[in-house]
Amino acid sequence: MKNILLLCTGNSCRSQMAHGYLNILTEGKVNIFSAGIETHGINLGAVSIMKEDGIDISNHTSNNVTEYTEIDFDYILTVCDHANENCPYIPSKNAMRLHHNFFDPSKVIGSDEEKHAAFFKASTEIKDYVKDFVRTHLATSKL
């Protein structure tokens with residue numbers, strides 16, 4: 001099975017949403033790991049917006065990328081510029097490294113409606129990105 005790492009700053013929001021979507025879209029046919037260069041715990045806004053989309057990430061854990069140094073990844077996807085620029089070395093020589101900077105909905109200050117809109121926007125963009133990743137990189141190969 002292929003190993004995929006989703007990487008963000010705190011492994012609390014964007015990487016967790018991507019992890020949830022990737023779990024569903026690959027139907028358990030790949031090993032999915034998510035991590036941060038720090039750990040911030042799971043963001044409740046991310047849990048809530050994913051639940052609205054029928055995906056439960058409430059049992060996910062916030063992990064540090066150093067926990068996965070022994071895993072040989074096929075893909076490493078960074079989902080924020082900070083992680084892309086500051087990530088420690090990951091010794092997966094053959095990994096395809098892809099980057100997309102999603103804005104951080106957890107940084108939005110405003111009403112509950114404004115915060116919800118930010119999480120909805122981020123989750124929609126992440127879902128579209130993950131669908132495209134699966135279609136482009138996994139659909140033509142054995143998962």
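Along the sequence shown, residues are numbered consecutively beginning with 1. These numbers come from a predicted model, not from an experiment.
Contact detail for Phe103 and Val108: the closest heavy-atom pair is CE1-CG2, 4.2 Å. Closest heavy-atom contact between Ile90 and Phe73: CG2-CD1, 4.2 Å.
Asn3 and Asp74 share no side-chain donor-acceptor pair at under 3.5 Å. Between the side chains of Ser34 and Asn11, a donor-acceptor pair is found at a separation under 3.5 Å.
The side chain to side chain contact (heavy atoms under 4.5 Å, CB included) search around Asp72 returns Ser92, not counting sequence neighbours. Listed by chain and residue number, Lys121 satisfy the salt bridge (charged side-chain N to carboxylate O under 4.0 Å, His left out) test with Glu125 (two or more places apart in sequence, or in another chain). For the side chain to side chain contact (heavy atoms under 4.5 Å, CB included) test, residues two or more places apart in sequence or in another chain that qualify with Ser111 are Glu113, Glu114.
Aromatic pair Tyr21/His19: centroids not less than 6.0 angstrom apart.
Partner Thr78 forms a side chain to side chain donor-acceptor pair (under 3.5 Å) with one of His100, His99, Arg14 and no other, that one being His99.
Grouping the Ile, Leu, Val, Met, Phe, Trp and Tyr side chains by contacts below 4.5 angstrom, directly or via other members, places Met17 apart from Phe33. Ile76 and Val30 fall into different hydrophobic clusters, where Ile, Leu, Val, Met, Phe, Trp and Tyr are joined by side-chain heavy atoms under 4.5 Å apart, directly or via other members.
At a threshold of 4.0 Å, the pair Asp56-Lys51 does not count as salt-bridged, since none of the basic side-chain nitrogens sits closer than that to a carboxylate oxygen.
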Notebook entry, point to check: Would Thr9 and His82 count as a side chain to side chain donor-acceptor pair (under 3.5 Å) if you check the C-alpha gap in whole Å, the side-chain angles of each, and the deciding distance to 0.1 Å?
Noted result: CA-CA 6 Å; Thr9 300; His82 185 257; 3.1 Å; yes

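With a 4.5 Å cut-off on side-chain heavy atoms, Val47 and Gln16 do not count as touching.
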